[in-house]
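Taking it in order: structure first as structure tokens, then the write-up.
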Amino acid sequence: MSMSSPHKIAVRTPTENYDIHVGQEVLRYFARGPATLLPGRKAFLVSHPTLLDLYGPTVTDALRQAGFTTEAYTIPEGETSKTLQTAAALYTHLAKCGADRRSVLCAFGGGVIGDLTGFVAATYMRGIPFVQMPTTLLAMVDSSIGGKTGVNHEFGKNMIGSFYPPRAVCTDITLLRSLPEREYLCGLSEIVKAGVIDDTELFALMEREVEAIRQRDETVLTTLIERAIAVKVRVVEEDPTEQGVRAILNFGHTIGHALEAVTAYEQYSHGEAVAIGMALVARLSEALGLCAPAARNRLYSVLEGLGLPVSYADIDTQRLIDVMAHDKKAIDGVVQFVLMRDIGTVVYRQQVPTDALESLLVEYA
Ligand SMILES: NC(=O)c1ccc[n+]([C@@H]2O[C@H](COP(=O)([O-])OP(=O)(O)OC[C@H]3O[C@@H](n4cnc5c(N)ncnc54)[C@H](O)[C@@H]3O)[C@@H](O)[C@H]2O)c1
Ligand SMILES: [Zn+2]
């Protein structure tokens with residue numbers, strides 16, 4: 001198979017300045033590309049045991065070719081690893097191995113690895129270089145971009161953290177071949193979101209290529225991923241610290257987060273919850289006269305075509321509303337929504353009357 005060289009997408013904000021390298025076999029290009037920007041030649045690879053079983057030699061070879069010595073450190077899979085305790089153990093490991101300000105942390109994994117490693121990179125010796133090597137679709141189009149790093153606290157998800165940009169992001173889409181289906185769908189949900197909030201062409205591509213996407217056709221996936229990254233980069237560049245427009249990235253997430261919380265993060269994956277959230281918020285937008293039924297229908301068709309859910313069952317509506325009122329993005333208990341005007345256009349900071357929300361949830365859940 002011939003390998004085209006990776007595409008570069010630049011991220012430029014007052015505090016962030018790095019490139020996202022996207023394509024097939026991006027890791028092989030590491031020595032010639034991203035590595036040239038890094039100081040020192042000591043790399044610490046942070047990953048999960050299963051990912052190192054699958055790709056350990058590939059990543060280590062890429063780093064070695066660029067002249068790095070590598071030390072691999074693994075953490076157990078799952079959201080429960082994203083804690084201060086795990087971070088503390090990693091600090092200890094780094095200190096014992098003599099990591100210094102010229103050492104590089106490489107986050108090889110999904111959002112859990114990326115957020116945790118980024119947080120450790122931001123805080124160890126007041127900040128050392130790090131590189132994102134996303135391995136899940138969600139991490140490729142979402143969590144590896146925008147500089148948010150952090151860990152969970154018993155009182156809230158992502159409660160402890162900081163904005164800290166990586167030196168580079170290496171997005172190798174061939175890694176998706178081994179990604180479990182449920183994780184793949186999770187990322188697709190965020191790509192649908194990217195289309196709805198800011199890219200009609202991306203959305204139309206998903207409509208046309210539903211089958212190829214389900215088959216993980218890498219030509220289609222490359223375009224899809226690049227466009228979704230571009231959406232997030234545009235939004236982040238416009239609003240790096242989440243003062244305004246960055247809120248649109250939350251489309252479908254207010255209801256989605258509430259669904260996850262009410263079901264104790266067990267029933268729905270994040271992507272499934274967001275898919276349901278997007279579907280319901282489209283209904284809400286329609287009910288409020290903001291969006292035409294045809295646009296809402298297009299969203300439903302794409303979600304269902306990809307195999308994502310559009311409704312929930314057996315959840316108490318009032319509990320859902322209570323959780324939303326306590327959402328960290330609610331202002332004085334009033335829930336803020338990102339509503340849809342059309343495919344490609346949304347409006348944010350919309351306060352929705354509780355009765356409108358309630359009747360929607362009762363009718364369509
Ligand atoms: N920083 C941000 O802006 C941001 C944005 C969105 C989400 N997040 C965070 O991201 C996290 C979720 O990330 P996620 O959805 O990537 O989940 P994840 O990191 O838990 O990864 C999911 C699972 O897939 C496995 N896996 C990963 N890549 C694989 C591959 N190529 N082949 C086979 N298996 C693979 C992993 O071992 C893991 O068990 C959450 O903690 C969330 O808070 C952060
Ligand atoms: Zn999300």
Side-chain angles (χ1 to χ4, degrees), residues 3 5-12 15-75 86-110 112-135 139-140 143-145 147 149 162-175:
M3 296 297 162
S5 60
H7 289 166
K8 253 202 277 191
I9 301 173
V11 183
R12 302 283 181 266
T15 51
E16 290 177 72
N17 186 350
Y18 57 90
D19 291 327
I20 301 166
H21 306 263
V22 197
Q24 294 171 320
E25 310 290 339
V26 167
L27 290 174
R28 274 210 239 152
Y29 156 88
F30 187 76
R32 283 177 292 130
T36 57
L37 300 172
L38 296 165
R41 281 298 177 260
K42 214 174 198 180
F44 291 86
L45 186 61
V46 185
S47 192
H48 296 310
T50 47
L51 286 176
L52 287 190
D53 285 347
L54 285 165
Y55 301 109
T58 315
V59 196
T60 323
D61 283 356
L63 289 164
R64 287 217 179 102
Q65 269 181 24
F68 285 90
T69 60
T70 57
E71 184 81 41
Y73 186 84
T74 60
I75 65 167
T86 315
L90 181 49
Y91 296 137
T92 304
H93 172 78
L94 293 172
K96 279 188 178 159
C97 295
D100 60 26
R101 283 225 176 118
R102 288 162 56 78
S103 304
V104 177
L105 290 190
C106 298
F108 188 79
V112 165
I113 292 284
D115 282 10
L116 175 89
T117 308
F119 177 72
V120 168
T123 44
Y124 182 75
M125 291 189 166
R126 297 200 184 85
I128 66 172
F130 97 108
V131 174
Q132 290 268 22
M133 296 176 167
T135 66
M140 293 180 184
S143 63
S144 67
I145 312 154
T149 72
S162 72
F163 284 95
Y164 188 71
R167 296 293 173 98
V169 182
C170 304
T171 300
D172 189 331
I173 68 156
T174 61
L175 299 174

Inset, instruction - Mind listing the closest non-hydrogen atom pair of Val104 and Pro39 along with its distance? - result: CG2-O, 4.1 Å
Inset, instruction - Using a 4.5 Å cut-off on heavy atoms from C-beta on, say whether the side chain of Ile75 contacts that of Ile113. - result: yes
Inset, instruction - Return yes when atom CZ of Arg102 has more than 12 non-hydrogen atoms of other residues, nucleotides or ligands closer than 6.0 Å, and no otherwise. - result: no
Inset, instruction - Give, for atom OG1 of Thr74 and atom CG of Asp53, the distance between the pair rounded to the nearest 0.5 Å. - result: 9.5 Å
Inset, instruction - Please examine the side chains of Asn17 and Arg12, heavy atoms only from C-beta on, and report whether any two atoms are closer than 4.5 Å. - result: yes
Legend entry - Min side-chain heavy-atom separation Val11-Ile20 under 4.5 Å: yes
Inset, instruction - For the pair Tyr124 (side chain) and Ala99 (backbone), establish whether a donor and an acceptor sit closer than 3.5 Å, ignoring hydrogens and angles. - result: yes
Legend entry - Rounded distance [0.5 Å steps], OH in Tyr55 versus CG in Asp172: 8.5 Å
Legend entry - Ala139 backbone acceptor or donor facing Ser144 side chain under 3.5 Å: yes
Inset, instruction - Say whether, by atom type as modelled, one donor and one acceptor occur between the side chain of Ser47 and the main chain of Gly109 under 3.5 angstrom. - result: no
Legend entry - Nearest heavy-atom neighbours spanning Phe130 and Ala121: CB-CB, 3.5 Å
Legend entry - Within-4.5 Å side-chain heavy-atom neighbours: Glu71 and Leu45: no
Inset, instruction - Compare every heavy atom of Cys106 with every heavy atom of Thr117, then report the nearest pair and how far apart it is. - result: CG2-C, 4.4 Å
Inset, instruction - Could you grab the distance from atom CZ of Arg41 to atom OG1 of Thr69, nearest 0.5 Å is fine? - result: 10.0 Å
Inset, instruction - State which residue, out of Thr149, Thr86, Asp115, Leu94, fulfils the side-chain contact (heavy atoms from CB on, under 4.5 Å) condition with Val120. - result: Leu94
Inset, instruction - Answer yes or no: is there a side-chain heavy-atom contact under 4.5 Å between Cys170 and Val131? - result: yes
Inset, instruction - Measure the shortest side-chain to side-chain distance between Phe30 and Leu38 over non-hydrogen atoms and say whether it is less than 4.5 angstrom. - result: yes
Inset, instruction - Could you tell me whether a side-chain N or O of Asp61 sits under 3.5 Å from a main-chain N or O of Arg64, the two making a donor and an acceptor? - result: no
Legend entry - Heavy-atom side-chain contact between Phe108 and Thr135 under 4.5 Å: yes
Inset, instruction - Measure the spacing between OH of Tyr18 and CZ of Arg167 and express it to the nearest 0.5 Å. - result: 13.0 Å
